[in-house]
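So the structure is just underneath, and the comments pick up after that.
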Amino acid sequence: MNLRGAAAVVGICELKPERERPDRDLNSLLAEVSLGAIRDAGLRKQDIECLIMQSNGATDGGSLNETMSEYLGIQPTFAAGINAQGASGVAGLAEAAAFIAAGLANYVLVATANPVDPNAGGPRRGRAGRAADPFTTEWQIPYGPVVGQNGYYAMIAQRHEHLYGLNVEKRAKIAVDQRINANHNPDAFFFDTPITTEDVANSRLIADPLHLLECVMPCSGGAAYVVARSDLATYLPHPPAYILGGACCVQRVSQMHMSDFAFAPVERAAKKTFAMAGYGPRDMSILELYDSYTITVICELEESGFCAKGEAGDWLQEQDFTFRGNLPLNTHGGQMSFGQPNFAGGFSQVMEGVRQVRGEAGEHQATKDVDLVYLTGSGGVFAVQSAAVLAREPR
Amino acid sequence: MTKEYDKPLVENPTYNSAEWWAAAGEHRLLYQRCTNCNRAVFPPRGSCPGPDCLVYGTLQWSESHGAGRVFSYTVVRQPADQRFARHVPYVFALIELDEGFRLFSNVTDIDPAEVRIGQSVQVYWDDVTADVSLPKFRIRG
């Protein structure tokens, strides 16, 4: 038994990224996107039988389902968490589908939101990143905290460059093609700003070897989706985006104990997801891959089997990742150009995958036919990674 | 020794790491080795992450010679914590010790542009307070 085709995403709602929303709190944003997703699905509150509310990392998620149950006036018969940081949005697809396949619920609501950057840091505030786990506070911070995750992903990029020669000019391909997509998405934070390879390579070094235009910008936002049992999904207003497979692999919390961290753990999630879906990388119409940094996407492409490990450098240059290209990637602009509202950043790939399957992405709708979408999520520093396949048909 | 060290330090070591910090105060770099599978383990914990280790408490303290290599590194040019502002650009690195474990640290006394993956390094101790010493590394000549 598995969840292949058992459920579909039938409702979505996403807030336009803003630098921050200091006047809002987590609960009010969760309420706004949750109600939006239920309306989009054409459902009523009382249809929702399972809540999966994801904390933004700064607020304890321990009682979030109960809080939002009271806030929204929704009394589900099951509730759960995801707790996979940036991997949560994509991981939630398989989780919701599994609950539905097991008969725990017919309609599941998944949501997250972020009022302000919970790292409470970054360049604007000049403070250290959030570090809740003792492995980080005890063994990393005393040697000089890095802004957000910049330094840790920089070490991955450094390692990749050392092993395979993937330099900034080659990595820039991801940032540039995704920006073209963002330039066709009015909701994207960098809608008005085109960039070139030279712009990326000449942008300020943030943490060697990563440059400014290879990094996401933290912002505020939120997103929610409703998953429904497949046979019920067909009666709802929008074309369903069927969930054919998914996985979420937890690897570690720090970088100290990896065989070699130039290899992303999404490999295990990808294998399991493709096996469940009955399709492989070459069958995918478009890709919505978690993009905290250029190097994140590159490792995910390699480890998911779109090119051989270490060969991304030349392979990337032969692809057209724009919405009108041969292999559209992060058609909304990706988090690097759309914005990263913390854990809701990982939900943006789900939102966009669903819009593309529906054919409702507007100006950035892929010009090729979209029937299969491959998605990834990533949390921490390759600490936890998820994968999923969405499809237009429940096969 | 700095009298007023203003940078972040661990106030309460975890259950398994108090002994590590005590040894660090005596300039001894400890790591754990598993009596069941012989794996080198760091950071300190109570049980071995090895695939065949199912018993709690198989890890014993060992002392490292402090020699290793740069596994990866970055140059921090923008401090996330203003207390480090006067040190930028500094090298934040993951060091692989010859005994087979890794730890985060700094590589100092070198132009950051000269650091490379694979360079041999040797530990030295930075006595940041009367009680706390941090292991840091210099290129081994």
Side-chain angles (χ1 to χ4, degrees), chain A residues 117 119-131 133-163 204-212 215 251-262 293 295 381, chain B residues 5 7-17 20-21 39-45 49 70-85 87-96 101-108 112-113 115-118 126 128 132-137:
Chain A
D117 178 10
N119 288 315
R124 297 174 74 240
R125 295 186 187 78
R127 293 209 297 275
R130 163 180 47 91
D133 66 284
F135 280 5
T136 302
T137 53
E138 191 166 9
W139 308 108
Q140 299 178 27
I141 298 299
Y143 305 99
V146 301
V147 173
Q149 308 280 29
N150 293 345
Y152 307 114
Y153 276 94
M155 286 197 198
I156 293 171
Q158 195 81 269
R159 191 86 202 144
H160 203 293
E161 192 164 337
H162 171 74
L163 293 170
R204 186 161 52 90
L205 264 174
I206 291 295
D208 303 26
L210 292 177
H211 293 67
L212 178 67
C215 308
Q251 193 77 6
R252 63 205 166 108
V253 71
S254 87
Q255 287 174 290
M256 284 176 275
H257 248 299
M258 284 289 283
S259 51
D260 194 330
F261 52 63
Y293 301 87
I295 188 66
V381 187
Chain B
Y5 187 73
K7 300 189 181 67
L9 289 174
V10 169
E11 285 167 19
N12 299 299
T14 62
Y15 171 70
N16 295 111
S17 65
W20 189 94
W21 286 103
R39 167 187 298 247
V41 174
F42 188 86
R45 65 198 74 181
V70 175
F71 184 76
S72 195
Y73 69 98
T74 186
V75 182
V76 179
R77 295 170 185 277
Q78 177 180 304
D81 182 323
Q82 287 308 318
R83 293 169 291 183
F84 287 84
H87 301 290
V88 295
Y90 61 85
V91 178
F92 182 57
L94 188 59
I95 306 297
E96 186 158 62
F101 67 100
R102 294 182 196 147
L103 54 77
F104 284 102
S105 184
N106 302 120
V107 179
T108 69
V115 177
R116 295 286 179 273
I117 287 174
D126 188 357
V128 297
V132 178
S133 299
L134 297 176
K136 296 189 177 176
F137 291 81

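Not measured: the values here are computed from a predicted model. Chain A is the first sequence line, chain B the second, and so forth, proteins listed ahead of strands; every chain is numbered from 1. Atoms considered below: every heavy atom in the structure, side chains included; atoms not considered: hydrogens, waters and symmetry mates.
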* Using a 4.5 Å cut-off on heavy atoms from C-beta on, say whether the side chain of B:Phe71 contacts that of A:Arg159. => yes
* To do: State, yes or no, whether a side-chain contact exists between B:Ser17 and A:Glu138 at a heavy-atom distance under 4.5 Å.
  => yes
* **Centroid separation B:Phe92 to A:Tyr152 less than 6.0 Å** => yes
Measuring heavy-atom distances to chain A, does [X] have an atom under 4.5 Å in its side chain, in its backbone, in both, or in neither?
X        : answer
B:Phe42  : both
B:Ala93  : backbone
B:Val41  : both
B:Ala113 : neither
B:Tyr90  : side chain

Going from [atom1] on [X] to [atom2] on [Y], what distance comes out if it is rounded to the nearest 0.5 angstrom?
X        : Y        : atom1 : atom2 : result
A:Tyr143 : B:Leu103 : OH    : CG    : 6.5 Å
A:Asp208 : B:Arg77  : CG    : CZ    : 4.0 Å
A:His160 : B:Ser72  : NE2   : OG    : 12.0 Å

* How close do B:Phe84 and A:Pro142 get, heavy atom to heavy atom, and via which atoms? -> CZ-O, 3.8 Å
* What heavy-atom pair brings A:Gln158 and B:Thr74 nearest, and what distance separates the two atoms? -> NE2-CA, 4.5 Å
* Residues forming a salt bridge (charged side-chain N to carboxylate O under 4.0 Å, His left out) with B:Arg45, sequence neighbours excluded -> none
* Structure fact -> Highest number of heavy-atom pairs under 4.5 Å with chain A among B:Pro89, B:Pro8, B:Pro49, B:Gly118 belongs to B:Pro8
* Asked: Can you say whether A:Leu210 sits under 4.5 Å from chain B via the side chain, the backbone, both, or neither, judging by heavy atoms?
  -> neither
* Asked: Between B:Trp20 and A:Trp139, what is the ring plane arrangement, given parallel below 30°, perpendicular above 60°, and tilted in between?
  -> perpendicular
